[in-house]
**Student:** 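Structure incoming, see below.
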Amino acid sequence: MVAPEYLTCTTVLVDDTTACVVPSGDLTYDNGGLLRDAVVDLLATRRPARLHVDCAGLAFCDSFGLSVLLGARRAADEATTTLFLDNRPPWLDRLLQRTGTYDHLVTDDVGERRAG
C-alpha cells in the first residue's frame, strides 16, 4: 500500500466577497482535517459570499475526503456562502457522480451569477 501524499492548503482572499482554498495532494483520512479546518476557519473569520475550492492540485480523495467536501458544503450553507469546487480533475467528477454527490456539491457558476 502506498502512503498518502502530503496535503497542503493555501487560502487566498480574492476580494471582499470571494475567497479560495487551494488544496494540493491527497485528501484522505490522514490529512483531510487540514482542508476542513481551512474552510471552517475561513467561514468563521471572513464569511465570504463565495468560497472556491480549487481542486486542480488534488491527486486522490478517499471516503473521508469526500466527507470533508460534504462538510464544507454544509458549513458554507450554514454561513450563507456559495461553495464552488473549481478545476475538478475528471477522476473527482467520476467519484462525485458514482457516489450520488455531484449535484449536491457542484454549483453551476453561471446560474449562481445570474441569481446573485
Side-chain angles (χ1 to χ4, degrees):
M1 178 165 186
V2 177
E5 183 179 326
Y6 186 73
L7 182 74
T8 61
C9 289
T10 304
T11 301
V12 178
L13 300 174
V14 178
D15 57 36
D16 290 341
T17 63
T18 307
C20 183
V21 177
V22 184
S24 182
D26 291 345
L27 183 55
T28 66
Y29 177 80
D30 294 322
N31 54 28
L34 185 63
L35 177 58
R36 180 193 60 230
D37 293 347
V39 167
V40 168
D41 290 347
L42 186 60
L43 291 172
T45 60
R46 294 291 188 165
R47 296 189 70 94
R50 286 173 293 285
L51 175 58
H52 295 263
V53 177
D54 186 340
C55 300
L58 287 179
F60 179 76
C61 179
D62 67 6
S63 60
F64 185 81
L66 180 58
S67 175
V68 168
L69 294 175
L70 289 165
R73 170 61 192 267
R74 186 172 39 256
D77 287 350
E78 290 172 2
T80 62
T81 297
T82 303
L83 178 71
F84 298 92
L85 299 183
D86 297 335
N87 302 313
R88 296 177 313 279
W91 63 263
L92 182 56
D93 276 349
R94 285 191 302 273
L95 173 67
L96 299 178
Q97 289 167 348
R98 288 181 181 159
T99 58
T101 58
Y102 184 91
D103 290 338
H104 183 67
L105 285 173
V106 176
T107 302
D108 176 12
D109 191 23
V110 173
E112 195 273 339
R113 277 184 282 180
R114 276 189 229 129

**Student:** Nearest 0.5 Å please: distance from the CG atom of D62 over to the OG1 atom of T28.
**Tutor:** 5.0 Å

**Student:** Between T107 and L83, is there a donor-acceptor pair closer than 3.5 Å when you use the side chain of the first and the backbone of the second?
**Tutor:** yes

**Student:** Hey, any chance V14 and L85 share a hydrophobic cluster, counting ILVMFWY side chains that come within less than 4.5 Å of each other, even indirectly?
**Tutor:** no

**Student:** Donor-acceptor pair, distance only, cut-off 3.5 Å: does the side chain of N31 make one with the backbone of D26?
**Tutor:** yes

**Student:** Rounded to the nearest 0.5 Å, what's the gap from CD on Q97 to OH on Y102? Could you check?
**Tutor:** 6.0 Å

**Student:** Are there more than 12 heavy atoms of other residues, nucleotides or ligands under 6.0 Å from atom CG of D15?
**Tutor:** yes

**Student:** In Å and rounded to the nearest 0.5 Å, what is the OG1 to CG distance from T82 to D77?
**Tutor:** 8.5 Å

**Student:** Rounded to the nearest 0.5 Å, what separates atom OG1 in T99 from atom CG in L70?
**Tutor:** 7.5 Å

**Student:** Do the side chain of T18 and the main chain of R50 share a donor and acceptor less than 3.5 angstrom apart?
**Tutor:** no

**Student:** Measuring from atom CG of L42 to atom SG of C9, what distance do you get when rounded to the nearest 0.5 angstrom?
**Tutor:** 11.0 Å

**Student:** Tell me if a side-chain donor or acceptor on D93 pairs with a main-chain N or O of R88 at a distance below 3.5 Å.
**Tutor:** no

**Student:** Taking Y29 as the starting point, is it possible to reach Y6 by hopping between hydrophobic residues whose side chains are less than 4.5 Å apart?
**Tutor:** no

**Student:** Do V39 and V12 sit in the same hydrophobic cluster, where Ile, Leu, Val, Met, Phe, Trp and Tyr count as joined when their side-chain heavy atoms come under 4.5 Å apart?
**Tutor:** no

**Student:** Can you see which heavy atom on C55 is nearest to which on P89, and at what distance?
**Tutor:** O-CD, 3.5 Å

**Student:** Are L7 and D30 close enough, and set up right, to give a side-chain contact (heavy atoms from CB on, under 4.5 Å), and what steps lead you there?
**Tutor:** CA-CA 9 Å; L7 182 74; D30 294 322; over 6 Å; no

**Student:** With a 4.5 Å heavy-atom cut-off, do P48 and L43 have their side chains touching?
**Tutor:** yes

**Student:** So how far is it from R74 CZ to S67 OG, rounded to the nearest 0.5 Å?
**Tutor:** 7.0 Å

**Student:** Is there a path of hydrophobic side-chain contacts, each under 4.5 Å between heavy atoms of I/L/V/M/F/W/Y residues, joining L105 to V22?
**Tutor:** no

**Student:** Go through it in stages, so that I can follow the logic: the residues are L96 and L66, the test is side-chain contact (heavy atoms from CB on, under 4.5 Å), and I'd like the CA-CA distance, side-chain angles, deciding distance and then a yes or no.
**Tutor:** CA-CA 8 Å; L96 299 178; L66 180 58; 3.6 Å; yes

**Student:** Please tell me whether L13 and V53 are part of a single hydrophobic cluster in this structure, the criterion being side-chain heavy atoms less than 4.5 Å apart.
**Tutor:** yes

**Student:** Determine the interplanar angle of the F60 and W91 rings, folded into 0 to 90°, and report it as parallel if under 30°, tilted if 30 to 60°, perpendicular if over 60°.
**Tutor:** parallel

**Student:** Which heavy atom of R47 sits nearest to which heavy atom of T80, and what is that distance?
**Tutor:** NH2-OG1, 4.4 Å

